[in-house]
Structure formats: structure tokens, C-alpha cells
Amino acid sequence: MRLVQFQRHDDDGGRIRVGVEQGEGLSVVDLKAFDPSMPSTMRELLELGGEGLECAQRAVASGQCVVDRADIQLLSPMTGPEKVVCVGMNYRDHCLEQNAPIPKEPIIFSKFPSAITGPYDDIILPSESQEVDWEVELAFVIGRRGKHIKEEDALSYVAGFTVANDVSARDWQMNRNGKQWLLGKTFDSFCPLGPALVTTDAVTDPHNLSIQCLVNGEPVQSSNTDQIIFKTAALVAWVSKFVTLTPGDVFLTGTPPGVGAFRKPPVFLKVIS
């Protein structure tokens with residue numbers, strides 16, 4: 001299934017709703033309209049576990065409560081997670097791009113949840129940075145609570161996969177604030193996410209997917225998730241050694257080569273008037 005969060009244009013209250021996209025770019029089944037007892041956010045849906053997903057399947061099978069795509073705005077498929085976990089230097093070809101060694105352990109950092117924005121929303125270029133860069137990433141979302149998760153069990157803790165962009169202010173990441181990454185990674189709108197959370201049963205192999213980023217319609221990153229060093233199960237097991245994972249936690253799994261900072265000369269995002 002392709003789970004989404006959306007707002008209806010005719011809802012003056014701007015309430016978040018959860019739905020199932022009938023296909024990429026197609027109409028959406030409104031779960032709350034099908035069953036008023038259903039939750040209003042993706043995080044709450046995931047917290048229901050199998051019960052929530054079973055209701056979503058029933059709603060789709062009913063053929064009812066379908067909302068035309070033109071009548072809604074798609075939001076990030078996950079808002080308000082407890083954690084946004086990011087992984088640095090996790091593509092072999094990205095390491096080669098920088099002449100950097102392959103990491104021996106996952107390099108973990110974070111974004112604040114307030115950085116999350118919708119898949120079609122504008123990225124806000126902050127006046128504090130002149131070096132805002134792009135980083136397309138495969139993301140996944142945790143579906144159930146766990147700590148000290150074994151790698152062989154880890155995929156059962158994943159609800160689904162989506163796409164993200166780890167927008168980065170390179171001047172703050174690489175030269176300011178003691179070269180700690182957090183501030184450069186977590187300006188408002190620096191985590192576009194979505195449009196859909198594709199459940200794990202619909203993804204044959206998350207580590208054999210084409211991944212691409214376009215800037216002004218031109219491809220700037222193009223690779224395959226088979227280049228990922230620490231794969232989904234390894235990341236879940238590793239991070240759960242340190243923190244308890246909860247439904248809705250978002251993982252960004254690293255970016256392939258082609259980012260602006262390592263181009264010659266470097267290229268950064270800017271407003272075109």
C-alpha cells in the first residue's frame with residue numbers, strides 16, 4: 001500500500017487525514033471517512049499496528065470514500081515523529097566521490113522533527129547560509145517499538161519506505177559550530193519527505209532501487225540503493241542499541257554522489273527571481 005497524509009481543500013480547519021493512494025499520482029481513499037474511529041495521523045495509525053493496516057486494506061477493498069487528487073494537498077507521510085535518524089557516508093560511490101574511507105560503523109546524526117516538510121513544499125533558503133545543498137535519500141519509517149533489536153528480526157520493525165532529501169547548509173555543517181553537523185542539517189524545511197509511505201510488503205528489494213535527484217529539471221544525482229553500505233536491518237539493529245525505537249521514527253539512509261559541495265566548482269541552491 002501507498003499510505004499518505006493529506007488535507008482536503010474544502011476543509012477550512014486544515015485537519016490532517018490519513019489515506020491510501022490508489023497508485024502514484026492517483027486518487028486517495030480517505031480512511032477517516034471510511035471509519036470515523038480511525039486515527040487522523042500516520043503516527044497514530046502505525047501505533048495501532050496490524051489493526052490499523054487491516055482497516056486500511058478494508059477501506060481500499062470497499063471502493064468507497066475515494067477523494068480526487070485535485071481536491072487534496074499531499075503532506076509529508078510522517079509528521080511529528082519522535083526521532084529523525086540520519087546516516088552519513090553510507091553510499092560507497094559517495095565515499096569515492098570524496099576520496100573518503102568506507103566507514104567501519106554507521107555514522108549517525110539527526111535532524112529535529114521540525115525540519116520535516118511536504119514533498120511539494122518549498123525549501124526555505126535561510127539568510128544564515130549561502131551554501132545550501134541537496135541530498136536525495138531512501139528513507140524508512142519504524143512501525144513498532146523496540147530496543148536491542150536483532151538484525152535478523154529488524155525488518156519486522158519497519159513499516160515502509162519513502163523518499164527524503166537531507167537538505168544541508170554546508171557552511172554550517174563543515175565550517176561553523178565546531179563542525180558539528182546538527183545545525184547545518186536542521187533548518188526549517190530541510191527534510192522534504194514523501195509523497196507516500198510504501199509498506200514493506202510492496203517493496204521487493206529496498207536495496208536495489210534507482211535513486212535520483214533533479215535540480216531545475218536536470219539530474220544531479222543518479223545511483224542505486226545497492227551502493228548502501230549499512231542496509232536497513234543493520235541500521236535498525238545498530239541504532240536500537242542506543243535508543244528505543246518507536247512507531248513513526250524516520251530513518252534517512254544516506255545519499256549517493258552528485259551533491260553540490262563536491263562539484264568543481266561547488267554548486268549550491270539559490271533563489272531565481
Side-chain angles (χ1 to χ4, degrees), residues 2 4 24-25 74-78 81 84-98 100 103 106-113 115-125 129 131-141 158 160-170 172-174 181 184-198 203 205-232 235 249-264 266-270:
R2 294 176 58 88
V4 297
E24 186 173 357
L74 285 186
L75 309 174
S76 165
M78 179 57 61
V84 180
V85 179
C86 306
V87 189
M89 307 291 291
N90 199 31
Y91 274 68
R92 295 182 185 279
D93 47 8
H94 184 45
C95 291
L96 292 173
E97 174 184 46
Q98 305 172 60
I107 298 171
I108 303 298
F109 62 98
S110 68
K111 290 176 178 281
F112 293 137
I116 291 177
T117 191
Y120 307 114
D121 294 339
D122 291 337
I123 296 169
I124 301 169
L125 299 183
S129 174
E131 297 182 357
V132 178
D133 202 353
W134 55 83
E135 288 192 10
V136 65
E137 310 212 0
L138 175 71
F140 64 85
V141 177
V158 176
F161 295 86
T162 189
V163 65
N165 203 305
D166 176 18
V167 182
S168 305
R170 300 299 189 192
W172 282 92
Q173 178 190 357
M174 297 178 173
W181 289 10
K185 295 284 189 173
T186 203
F187 282 96
D188 290 346
S189 80
F190 271 25
C191 189
L193 202 62
L197 177 65
V198 182
V203 181
D205 183 358
H207 303 112
N208 186 23
L209 299 171
S210 296
I211 185 166
Q212 188 176 63
C213 178
L214 307 180
V215 174
N216 296 328
E218 296 296 326
V220 291
Q221 291 181 277
S222 184
S223 185
N224 191 288
T225 57
D226 64 6
Q227 290 291 304
I228 288 178
I229 299 163
F230 301 103
K231 302 190 187 310
T232 301
L235 294 175
D249 286 348
V250 177
F251 277 65
L252 275 61
T253 63
T255 198
V259 298
F262 299 118
R263 292 173 176 264
K264 298 179 181 179
V267 178
F268 300 109
L269 297 175
K270 60 183 179 180

Peer 1: List the atom of R170, the atom of A261, and the distance in Å for their closest heavy-atom pair.
Peer 2: NE-CB, 3.7 Å
Peer 1: So, using salt bridge (Lys or Arg N to Asp or Glu O under 4.0 Å) as the criterion, who are the partners of K185 when residues are at least two apart?
Peer 2: E135, D166
Peer 1: Which residues satisfy the side-chain hydrogen bond (donor to acceptor under 3.5 Å, both in side chains) test with T255, sequence neighbours excluded?
Peer 2: Q221
Peer 1: Checking P81 now: which residues fulfil side chain to side chain contact (heavy atoms under 4.5 Å, CB included) with it, not counting sequence neighbours?
Peer 2: M78, V84, P113, I116, V250
Peer 1: Kindly say whether L214 contributes a backbone atom to a donor-acceptor pair with the side chain of W134 at under 3.5 angstrom?
Peer 2: no
Peer 1: Suppose we screen for side chain to side chain contact (heavy atoms under 4.5 Å, CB included). Which residues come up paired with N216, at least two apart in sequence or across chains?
Peer 2: I272
Peer 1: Listed by chain and number, what are the side-chain hydrogen bond (donor to acceptor under 3.5 Å, both in side chains) partners of D121, not counting sequence neighbours?
Peer 2: T117
Peer 1: Pairs of donor and acceptor atoms involving the side chains of residues 87-95, under 3.5 Å and at least two apart or interchain, shall be tabulated with distances.
Peer 2:
residue	atom	partner	partner atom	Å
N90	OD1	F230	N	2.8
N90	ND2	F230	O	3.1
N90	ND2	T253	O	2.9
D93	OD2	S223	OG	2.6
H94	ND1	E97	OE1	2.7
H94	NE2	Q98	NE2	3.0

Peer 1: Hey, is the main chain of I124 close enough, under 3.5 Å, to the side chain of D122 for a donor-acceptor pair?
Peer 2: no
Peer 1: Once side-chain hydrogen bond (donor to acceptor under 3.5 Å, both in side chains) is applied, what residue pairs with a partner in residues 186-197 remain, sequence neighbours excluded?
Peer 2: none
Peer 1: Output all residues satisfying side-chain hydrogen bond (donor to acceptor under 3.5 Å, both in side chains) with E131, sequence neighbours left out; order by chain, then residue number.
Peer 2: none
Peer 1: Distance-only, no hydrogens or angles: does the D133 side chain make a donor-acceptor pair with backbone N or O of S168 under 3.5 Å?
Peer 2: no
Peer 1: According to side-chain hydrogen bond (donor to acceptor under 3.5 Å, both in side chains), who are the partners of S129, at least two apart in sequence or on a separate chain?
Peer 2: D171
Peer 1: Applying ring-ring contact (aromatic ring centres under 6.0 Å, His included), can you list everything that pairs with F109, at least two apart in sequence or on another chain?
Peer 2: W181
Peer 1: Considering all heavy atoms of both residues, which atom of A164 and which atom of L193 are nearest to each other, and what is their separation?
Peer 2: CB-CD1, 3.5 Å
Peer 1: Can you tell me how far the OG atom of S76 sits from the CG atom of L197, to the nearest 0.5 Å?
Peer 2: 9.5 Å
